[in-house]
K.L.:
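Supplied in structure tokens, the structure appears directly below.
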2 protein chains.
Amino acid sequence: MPNNSYSGSAEDDELIDAVLAASRALVAVAARSLNELEEDVTLVQYRVLVELAARGPQFVADLADILGVIPSTATRMCDRLLTKGLITRKRSTSDRRLVKVSLTQSGRNLISQVTQKRREELSEILSRISPLEREPVLNALRTFADAAGTVPEQEWSLGWRLSAGPREESKSQ
Amino acid sequence: MPNNSYSGSAEDDELIDAVLAASRALVAVAARSLNELEEDVTLVQYRVLVELAARGPQFVADLADILGVIPSTATRMCDRLLTKGLITRKRSTSDRRLVKVSLTQSGRNLISQVTQKRREELSEILSRISPLEREPVLNALRTFADAAGTVPEQEWSLGWRLSAGPREESKSQ
DNA sequence: TTCCTATATTTGCATATAGCAAGTATATAC
DNA sequence: GTATATACTTGCTATATGCAAATATAGGAA
């Protein structure tokens, strides 16, 4: 073993599988929470709302940066959210080139509903982990995230999309 | 604390953040590994190749099931991968309705390259976790994944897409 | 055999997502 | 006051996706 840095192999694969499985589960949770609404929103659109909720109103270019997409994509994302009444667009008076994007009350409501649903589902999952293990699990996840977390925000454009197609009223799946 | 089942709140959010951060990091790793190839493949397309590599040649309908999409989507995914020379399509002689999809050598090579790159990056990350913690971290991730793992494969269509747009030769990011 | 039905895949159509390039409006610098 | 830079939008193209309809084939019934 010439390398002084860790260079596992089978263990790497196990780690990949473990994190992917965890992430998969979480995405599924988010997706289910979203699907249970009447409002028809994709996961990508939902993330836009989440960022607006977390950071407050943003200009289009900033929003694009946050999402890791180019401005034109952000513009069109906003077009769709505007149509759905989840955001508003307002041109700045001080600099009329800027357009500020804000959540509507409807958008905020949607966030709360999804958050609530997700919290319930998460509790479900956590209740299946023995109380003694909860804290260690959480710490371990943080340790991993920290070690890996040197990742610029841009780089995850992300891995959210569950359905890009037209509405899926039917929840046929 | 009236509830007998766990019903954390701030902790739920921390857990969500931890897992999402971890998953984000991993997706970024996969994406970087993919971007460093000359071959121009999206993460969604890559996943098709991965499943074919793991399970061997598949019929279109089975592939669709595995990926959690409807058959028409699988067909068109195959169209694109065929164009790129990464898979072959062959109509079954015993039942001429069936089409078997297989990896080409080129497709297999791509998988190995990405796997190699990913392994290197993962080792990078693991080397930043103290050796003593590695095992616990891995176990914790598995514990979480197991607890959450009641998720039907279909439900994660997944959360892979990093770029759906046209090629990104420029790697400008 | 012929016809009906079930199955496997493909194709047409619509929408969302995404990048690039060109266009528009506005601000700032010289 | 013109040139340049900035912020956003629009046109174009490609990927990803679902639904519905079309196509081809298989299998069973009359």
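So you know, we letter chains A, B, ... as the sequences are listed, proteins then strands, and number each from 1. Side chains are part of it too, since the values below use all heavy atoms of this structure and drop only hydrogens, waters and symmetry mates.
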K.L.:
In whole angstrom, give the distance that lies between atom CD1 of A:Ile87 and atom P of D:dC8.
P.N.:
13 Å
K.L.:
Is any side-chain nitrogen or oxygen of B:Thr42 closer than 4.0 Å to OP1 or OP2 of D:dA16?
P.N.:
yes
K.L.:
Would you kindly compare A:Leu98 and A:Asp79 by the position of their nearest DNA chain D nucleotide and give the one closer to the 5′ end?
P.N.:
A:Leu98
K.L.:
If you only use heavy atoms from C-beta on, which nucleotide in D:dC8, C:dT11, D:dA16 is closest to the side chain of B:Arg80?
P.N.:
D:dA16
K.L.:
Measure the distance from CG on B:Leu43 to P on D:dT17 and round it to the nearest whole Å.
P.N.:
11 Å
K.L.:
Rounded to the Å, how far apart are A:Leu67 CG and D:dC8 C1'?
P.N.:
15 Å
K.L.:
For A:Asp62 and D:dA7, give me the distance from atom CG to atom P, rounded to whole Å.
P.N.:
8 Å
K.L.:
Have B:Gln113 and B:Asn109 got a donor and an acceptor in their side chains that come within less than 3.5 Å?
P.N.:
no
K.L.:
Counting side-chain heavy atoms from CB outward, which of C:dT9, C:dA18, D:dG18 is closest to B:Val60?
P.N.:
C:dT9
K.L.:
Return the polar atom pairs (N/O with N/O) between nucleotides 21-27 of chain C and the protein under 3.5 Å, or none.
P.N.:
| unit_1 | atom_1 | unit_2 | atom_2 | d |
| --- | --- | --- | --- | --- |
| C:dA27 | OP1 | A:Arg96 | N | 2.9 |

K.L.:
Once you round it to whole Å, what is the distance between P of C:dA18 and CG of B:Asp40?
P.N.:
16 Å
K.L.:
Is it possible for you to say whether B:Leu86 and B:Val50 belong to one hydrophobic cluster, with membership spreading through side-chain heavy-atom contacts below 4.5 Å?
P.N.:
yes
K.L.:
When the distance from CD of A:Gln58 to C1' of D:dA7 is rounded to whole Å, what number comes out?
P.N.:
15 Å
K.L.:
Ignoring hydrogens and angles, write down the donor-acceptor pairs under 3.5 Å from the side chains of residues 71-82 of chain B, residues two or more places apart or on other chains.
P.N.:
| unit_1 | atom_1 | unit_2 | atom_2 | d |
| --- | --- | --- | --- | --- |
| B:Thr75 | OG1 | B:Pro71 | O | 3.2 |
| B:Asp79 | OD1 | B:Arg89 | NH1 | 3.0 |
| B:Asp79 | OD1 | B:Arg89 | NH2 | 2.8 |

K.L.:
Do side-chain atoms of A:Arg134 reach the backbone of A:Ile129 as a donor and acceptor pair under 3.5 angstrom?
P.N.:
yes
K.L.:
Rounded to the nearest angstrom, tell me the gap between atom CG in A:Leu81 and atom P in C:dT15.
P.N.:
16 Å
K.L.:
Rounding to a whole Å, what distance do you find between B:Leu63:CG and C:dA8:C1'?
P.N.:
14 Å
K.L.:
Looking at CD of A:Glu51 and CD1 of A:Ile66, how far apart are the two atoms once the value is rounded to the nearest 0.5 Å?
P.N.:
6.0 Å
K.L.:
Is any side-chain nitrogen or oxygen of B:Thr73 closer than 4.0 Å to OP1 or OP2 of D:dG18?
P.N.:
yes
K.L.:
Select from B:Ala74 and A:Lys84 the residue whose nearest nucleotide in DNA chain C is closer to the 5' end of that strand.
P.N.:
B:Ala74
K.L.:
Examine distances only and state if a side-chain atom of A:Lys100 and a backbone atom of A:Ser92 form a donor-acceptor pair shorter than 3.5 Å.
P.N.:
no
K.L.:
Do A:Val99 and A:Val69 belong together in a cluster built from hydrophobic side chains that touch within less than 4.5 Å?
P.N.:
yes
